[in-house]
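Note sheet for the following structure.
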Amino acid sequence: MTGAQVTGRAELPRHHAGCFACGDGPGGLRMRFADPGPDSDGRARVTGAVVVADAHEGAPGLVHGGVLAAAMDELFGALQHHLDGHYVTAELTTRYRGRCRSARRCTSTR
């Protein structure tokens, strides 16, 4: 599986080649991030893309919720590109709004 393609003003660098979410290791998500420019209020944004594979399934045909949480955590981590410093997640609470089917490309901008 190759990394997802993402569009924006500039592709953001990966923070660690061995990272489960953005690294290229076997079984990882191989996420990619880009800077699409600020939103209409001038706030920094990051767009992330991932191709979820069958190996990331929980129930047949659906991506495991823990994989989706890891992808969202990595997306928020990518926002550090716009901040001065390094941060880690202290708490992550997720409410899923629907299913995410496997073997497809998913994108999100925050």
Side-chain angles (χ1 to χ4, degrees):
M1 180 175 74
T2 60
Q5 298 298 311
V6 65
T7 58
R9 293 188 316 184
E11 188 169 339
L12 300 178
R14 290 177 283 162
H15 66 94
H16 170 30
C19 176
F20 169 76
C22 70
D24 287 331
L29 297 179
R30 300 180 182 180
M31 293 182 74
R32 298 297 180 257
F33 301 96
D35 177 356
D39 67 11
S40 60
D41 293 325
R43 294 177 295 209
R45 298 184 303 160
V46 170
T47 296
V50 61
V51 177
V52 288
D54 292 344
H56 303 126
E57 287 184 346
L62 299 176
V63 180
H64 190 283
V67 170
L68 294 174
M72 289 304 298
D73 182 53
E74 191 72 8
L75 179 67
F76 290 123
L79 282 168
Q80 293 181 59
H81 174 75
H82 296 290
L83 303 173
D84 186 23
H86 297 282
Y87 306 89
V88 296
T89 302
E91 181 177 334
L92 177 66
T93 302
T94 305
R95 289 189 185 189
Y96 297 99
R97 296 173 39 180
R99 301 177 195 168
C100 182
R101 301 210 179 273
S102 60
R104 63 178 52 195
R105 181 178 184 268
C106 301
T107 61
S108 182
T109 301
R110 295 286 179 251

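Taking OG1 of T89 as the reference point, atom CG of D73 lies at 3.5 Å (rounded to 0.5 Å). Between E74 atom CD and F33 atom CZ the span is 4.5 Å, to the nearest 0.5 Å. Note that the OG1 atom of T94 and the CE atom of M72 stand 7.5 Å from one another [nearest 0.5 Å].
Remark: side-chain polar atoms of H56 are paired, donor with acceptor, to backbone N or O of G27 under 3.5 angstrom. Between the side chain of D39 and the main chain of D41, a donor-acceptor pair closer than 3.5 Å is present. Under the 3.5 Å distance criterion, the side-chain polar atoms of R45 are left unmatched by any main-chain donor or acceptor of D35.
No path of Ile, Leu, Val, Met, Phe, Trp and Tyr side chains, each step under 4.5 Å between heavy atoms, connects L62 with V50, placing them in separate hydrophobic clusters. Cluster membership for Y96 and L75, using ILVMFWY side-chain heavy atoms within less than 4.5 angstrom, is shared.
Across all their heavy atoms, V52 and R101 have their closest contact at CG2-O, 3.7 Å. Residues D54 and S102 come closest through the heavy atom pair OD1-OG, 3.6 Å.
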